[in-house]
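Quick one: the structure is below, and I'll ask about it shortly.
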Amino acid sequence: MANWLLKTEPDVFSIDDLAAAGKQGEPWNGIRNYQARNFLRDMTPGDRVLIYHSSCAEPGIVGEGEVISAPAPDPDALNPESPYYDPKSSADNNRWSVVQVRYIRHWPGVLSLKTLKAMPELENMALLRQARLSVSPVTDAEWQHLEQR
DNA sequence: GCCAACGTTGGC
DNA sequence: GCCAACGTTGGC
């Protein structure tokens, strides 16, 4: 079992939207970065995910969800109508993947990026090490530090 | 809205 | 295969 962090822009899709989706969850689609996709492909049903709000007033961790499907080809990559359409993908060779994610809970308040940066235990956290990575791994130790915060 | 960081593309 | 140009992410 592994832990991950998923960035989302709350103006586009927030943790409240994920909560509203209920038990059946929501496809985490539109990942168009190879490194992020490779992490997606390592996901297993039951993995825990932190939900992180980016490009907003207070960027940070807002809650928690769960992976509820195995990785699958992302159908949006094949749909010319989709903003996530990728002309270089085909049914035979879809470059992109998607998993289904469901809401678990909000965390109390926003655990802000500023706070995360101030925690020495998180010095090596992938989120902080690498800007612009929308799917990243979280170690058990990191998760614990965050949860106890 | 600016711009740093960094990924991708394409000419050579 | 190199690397300049370009595009995108995301904090501020």
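Only this structure's heavy atoms are used, side chains among them; waters, hydrogens and symmetry mates stay out. In the text below, chain A, chain B and the rest are named by the order of the sequence lines, each starting its count at 1. Only a predicted model underlies this, so the values are computations on that prediction, with no experimental measurement involved.
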Within the structure shown, what part of the strands sits under 4.0 Å from A/Lys88 by heavy-atom distance: base, sugar-phosphate, or nothing?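 If one applies the 4.0 Å heavy-atom cut-off, A/Lys88 turns out to touch the sugar-phosphate alone, with no base involved.
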Going by distance alone, is a donor N or O of one side chain under 3.5 Å from an acceptor N or O of the other, for A/Gln130 and A/Gln35?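 A/Gln130 vs A/Gln35: donor-acceptor pair found between side chains.
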Check the pair A/Glu26, A/Trp28 against side-chain contact (heavy atoms from CB on, under 4.5 Å), reporting the backbone distance first and the verdict last. CA-CA 6 Å; A/Glu26 226 9 82; A/Trp28 209 265; 5.6 Å; no
Does a donor on one side chain sit under 3.5 Å from an acceptor on the other, for A/Asn3 and A/Asp140? yes
Would you mind classifying the nucleic acid contact of A/Glu9 as base, sugar-phosphate or nothing, using non-hydrogen atoms under 4.0 angstrom? nothing
Start and end of chain A contact along DNA chain B [non-hydrogen atoms, under 4.0 Å]: B/dA5 to B/dT9
More than 12 heavy atoms of other residues, nucleotides or ligands under 6.0 Å from CD of A/Glu123: yes or no? no
Do A/Asp76 and A/Asn29 get their side chains close enough for a donor-acceptor pair, meaning under 3.5 Å? yes
A/Ser55 near the nucleic acid: base, sugar-phosphate alone, or nothing, with a heavy-atom cut-off under 4.0 Å?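 Base, at least one base heavy atom under 4.0 Å.
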